There are 2 protein chains.
Amino acid sequence: MARPRKFDEERAVDAAMEAFWAAGYEATSTQDLCEATGLGRSSIYNTFKSKHDLFERALARYMECKSAELTELLESELPARDKIRALLQRVIDEESAARGADGRGCLVVNTYVEVSARDDAVAAALARDYDKRLAAIRDVLESGRRAGEIAAGKDARTLAHLAIASVSGLRVAARAGVGRAELEAIADAALAAF
Amino acid sequence: MARPRKFDEERAVDAAMEAFWAAGYEATSTQDLCEATGLGRSSIYNTFKSKHDLFERALARYMECKSAELTELLESELPARDKIRALLQRVIDEESAARGADGRGCLVVNTYVEVSARDDAVAAALARDYDKRLAAIRDVLESGRRAGEIAAGKDARTLAHLAIASVSGLRVAARAGVGRAELEAIADAALAAF
DNA sequence: GAAGTTTTGGATGGATCAGTACAAAATGAG
DNA sequence: CTCATTTTGTACTGATCCATCCAAAACTTC
């Protein structure tokens, strides 16, 4: 038939994801993407339509990974509040490690802020991801409410929104330079609302 | 002596702030800054050292304004928790209006995410601003704790961190497309932690 | 009004941007 | 081996990036 590809498309998307994650969309040049993926310009443009297209792929991949991690975390046998606690703790671990290592934060939060407002396709993808996470957490809290672990008067959906907002809040705080111990105290205080 | 300036430096910084606020640092070109301020290239580079310098000025101005607003808000006669409630409500008003009007969010949060990690000077300025806000809110909560409005077992400083994190969380949620009514429910739920 | 000083506009520089054109290289099918 | 097809490397496009240069304009002081 024809000459076969010398690279793995998935690995290229992964590498691009790392690049966008580290520097953001605008600040990542196509040259950076070539170096990160190890591909030539032609290969990238032959495989992906554009930088924007590659970004959407990379973002989708990131969201997939994170979504899988969340699902796994929420599937444990812990009480609902402890699941939320574990979620917040994981975020703190990520962000604290990231500060020392690379300080790149979370690609989803970064993209909300940097890209979302001026890019409808990206905004829509982020909104779908948000809804998925919201539903997963709401289910957990709803079960917890039925099990009596969460006060009956509290709305599971609202608390799920709050859980996600708490995650974002911790991430921004971490980026603001708040240290690990303080982040853990904040998370602990936030749990009082659940 | 010499030819006087035809423009007001402060107004120029204001206009630049609006531009950076609307589009972010990278996506705002020097051409955009000329158009926003109404100045020529020479005037801008004669007055400010560089785009980066102008950005620092604009960010400082933004933080000054917001800081003044916060101080004013915290000076009311309300109980401590109601002050926090008012703070969250103001954020919701801002973000909900912004979504329809321009969707630019908060320049400080945007800058944390877009610039902070790769710009020490900006990161330091943001950190100073964070500390100021933290201290102001901590004082309010400390008073509230002494007045018995806040449980004695809670640490005012941690709650102040939490208040700031709640603001960031709401802002990111708003950018994620969460509507006004839901934001208000989230804020209400978050207040249970105070 | 002349001299001296600063601002201003417009042209320009060199770098980098995203994306394309094209021919050489590489492969499987016949 | 030859042909058809796809990938790949390199050179290149036109646009835009931030910043600088310079001469003309504008204003104060003398």
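Predicted, not measured: the structure shown is a model, and the values here were computed from it. Proteins come first, then strands; the chains are lettered A, B, ... in the order of their sequence lines, and each starts at number 1.
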Student: Under 4.0 Å, heavy atoms only, any strand: does B/Phe7 hit a base, just the sugar-phosphate, or nothing?
Tutor: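 Since only primed, P, OP1 and OP2 atoms lie under 4.0 Å of B/Phe7, the category is sugar-phosphate.
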Student: Assign B/Thr30 to base, sugar-phosphate, or nothing according to its heavy-atom contacts below 4.0 angstrom with the strands shown.
Tutor: base
Student: Please check: side-chain N/O of B/Lys51 versus main-chain N/O of B/Leu33, any donor-acceptor pairing under 3.5 Å?
Tutor: no
Student: Please work out if A/Ser42 contacts a base, only the sugar-phosphate, or nothing of the nucleic acid, heavy-atom cut-off 4.0 Å.
Tutor: base
Student: Rounded to the nearest Å, what distance is computed from the CG atom of residue A/Leu33 to the C1' atom of nucleotide C/dT16?
Tutor: 14 Å
Student: Check whether any side-chain N or O of B/Asp53 sits under 3.5 Å from a backbone N or O of B/Ser50 as a donor-acceptor pair, and report yes or no.
Tutor: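 Between the backbone of B/Ser50 and the side chain of B/Asp53 there is no qualifying donor-acceptor contact (under 3.5 Å).
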Student: Base, sugar-phosphate, or nothing: which does A/Thr47 touch, judged by heavy atoms less than 4.0 Å apart?
Tutor: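 Nothing: the residue A/Thr47, judged by heavy atoms under 4.0 Å, touches no strand.
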Student: Specify the separation, in whole Å, of atom CZ of B/Phe48 and atom P of C/dT8.
Tutor: 11 Å
Student: Could you check whether the side chain of A/Arg41 and the base of D/dG9 have a donor-acceptor pair of N or O atoms closer than 3.5 Å, going by distance alone?
Tutor: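 No.
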Student: Counting distance only, does the side-chain N/O of B/Asn110 pair as donor-acceptor with the main-chain N or O of B/Arg104 below 3.5 Å?
Tutor: yes
Student: Between D/dT8, C/dT20, D/dC18, which nucleotide has the shortest distance from any of its atoms to the side chain of B/Ser29?
Tutor: D/dC18
Student: Ignoring the backbone of A/Lys51, work out which of D/dA19, C/dG19, D/dT7 is nearest its side chain.
Tutor: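 Per side-chain heavy atoms of A/Lys51, the pick is C/dG19.
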Student: Treating B/Ser116 as the side-chain partner and B/Val113 as the backbone partner, does any N or O pair qualify as donor plus acceptor under 3.5 Å?
Tutor: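 The answer is no, because no donor-acceptor pair under 3.5 Å joins these two groups.
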Student: To the side chain of A/Ser43, which of C/dG19, C/dA18, D/dG9 is closest?
Tutor: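 Taking heavy atoms from C-beta onward, the closest nucleotide is D/dG9.
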